[in-house]
Number of protein chains: 2
Amino acid sequence: MESVLAITRALADESRVRALLVLDGRELCVCQLIEFLELAPSTVSKHMTILRQARLIDGRKKGRWMNYRLAGEHASPAVKEAIAWLRRSLTNDPVARRDATRMAKILKTGREVLCGRQNARRKPCPIGSTAAGTP
Amino acid sequence: MESVLAITRALADESRVRALLVLDGRELCVCQLIEFLELAPSTVSKHMTILRQARLIDGRKKGRWMNYRLAGEHASPAVKEAIAWLRRSLTNDPVARRDATRMAKILKTGREVLCGRQNARRKPCPIGSTAAGTP
DNA sequence: CCTCCATTTCGTTATATGGCGAAATATAGC
DNA sequence: GCTATATTTCGCCATATAACGAAATGGAGG
């Protein structure tokens, strides 16, 4: 019961739902999620922690950068089905569509703008290997 | 997006999840749910309101008694799939199993004990037509 | 070692939420 | 009309939660 409640509670916040949807099919770094959600870094970090504790996402550190992606094939059936449910239920949602467009732009703007947004004069995120713009 | 969040938020509480599970395949009256959840009548009423607003359940009044059941075939795909997800994810859950056993007993004890529990010297709930002990 | 940078953790604050009891409302029977 | 009863609504309270900024931590490079 607790694992199911961890999932439902993790999904009970709009920012976390939106984050999960843009994580579909790609790995993103915290800095990209911060840009996307337009929240403070500490807030995004906490949201990611909640999603991770519910096992909805996996995180891996690459140098200074922390990447997150949706739970993969090793995930429990409950997790997999919850993610599938979210995806199906919000496929035609206007917010989700607008988010997808925004995220595409964020991935394009990439390095210079991205980290610079959060702290002036910051060194850009390096390009990662999994997705364009992901460190 | 709001309807999906209404669903996820409704599922983010253990009592509401447990109520949904015992509503599977049966219609129950508030008094039975009060007995089952061991919460105050006002609390159960509020939980049911949340579930109803998320369209996860339907309610209908029968005289003084209010019956609730899971959303039926008219429900949205998101609602249907969320309920199915819950059912599948908690099929073997010990809490859910214990709850099912308890609810079977509550249905058996029926009228005399049920309403009497909540207010001494109360008239028993009349027997309903949909399930044993449901008004 | 240092400085710089990304992220997490911590503490605070405003708001939301789950619980209760009391009051209000709705229904039944006389 | 009345009384009795089931349920909902309201108000209150304790706790949880989402947001923020500051501090702490972890990693990179010199």
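Every chain is numbered from 1 and lettered A, B, ... according to where its sequence line falls, protein lines coming before strand lines. Since the model is a prediction, treat every value here as computed from it, not as a measurement.
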**Request:** Start with the C-alpha distance between A:Arg87 and A:Asp24, add both sets of side-chain angles, then the distance that settles salt bridge (Lys or Arg N to Asp or Glu O under 4.0 Å), and finish with yes or no.
**Result:** CA-CA 8 Å; A:Arg87 191 189 284 129; A:Asp24 202 2; 2.7 Å; yes

**Side-chain N,O (A:Arg16) to OP1/OP2 (D:dA18) below 4.0 Å** = yes

**Asked** Roughly, in whole Å, what's the span from CZ in B:Arg64 to C1' in C:dA28?
**Response** 4 Å

**Request:** Specify the separation, in whole Å, of atom CD of A:Glu14 and atom P of D:dA19.
**Result:** 9 Å

**Request:** Spell out protein contact along nucleotides 8-13 of chain D as letters: B when the base is contacted, S when just the sugar-phosphate is, - when no protein heavy atom is under 4.0 Å; keep the 5' to 3' order.
**Result:** BB----

**Prompt:** Rounded to the Å, how far apart are B:Ile50 CD1 and C:dA16 P?
**Reply:** 14 Å

**N/O donor-acceptor pair under 3.5 Å between B:Arg88 side chain and A:Glu81 backbone** = no

**Prompt:** Could you give the CZ-to-P distance, from A:Arg9 to D:dA18, as a whole number of Å?
**Reply:** 11 Å

**Prompt:** Is there a donor-acceptor pair closer than 3.5 Å between any side-chain N or O of A:Ser89 and the backbone N or O of A:Trp85?
**Reply:** yes

**Item:** Whole-Å gap separating P (C:dT27) and CH2 (B:Trp65)
**Value:** 12 Å

**Item:** Under 3.5 Å: donor-acceptor pair, side chain of B:Arg52, backbone of B:Ile57
**Value:** no

**Request:** Apply side chain to side chain contact (heavy atoms under 4.5 Å, CB included) to the pair B:Asp58 and B:His74, showing each step before the final yes or no.
**Result:** CA-CA 11 Å; B:Asp58 293 321; B:His74 64 274; 2.9 Å; yes

**Asked** Rounded to the Å, how far apart are B:Asn67 CG and C:dT27 C1'?
**Response** 14 Å

**Rounded interatomic separation in angstrom, taking CD1 from B:Ile57 and P from D:dT7** = 13 Å

**Message:** Rounded to whole Å, how long is the line connecting atom CG of B:Leu51 with atom P of C:dT17?
**Reply:** 14 Å

**Message:** Side-chain heavy atoms nearer than 4.5 Å, only ILVMFWY residues, links allowed to pass through others: does that put B:Leu23 and B:Val95 together?
**Reply:** yes

**Contact under 4.0 Å: A:His47 side-chain N or O vs D:dA19 OP1/OP2** = yes

**Exam field: side chain B:Arg55 to backbone B:Ala71, donor-acceptor pair closer than 3.5 Å** = no

**Message:** Return whichever of A:Leu39 or A:Gly63 has its heavy-atom-nearest nucleotide of DNA chain D closer to the 5' end.
**Reply:** A:Leu39

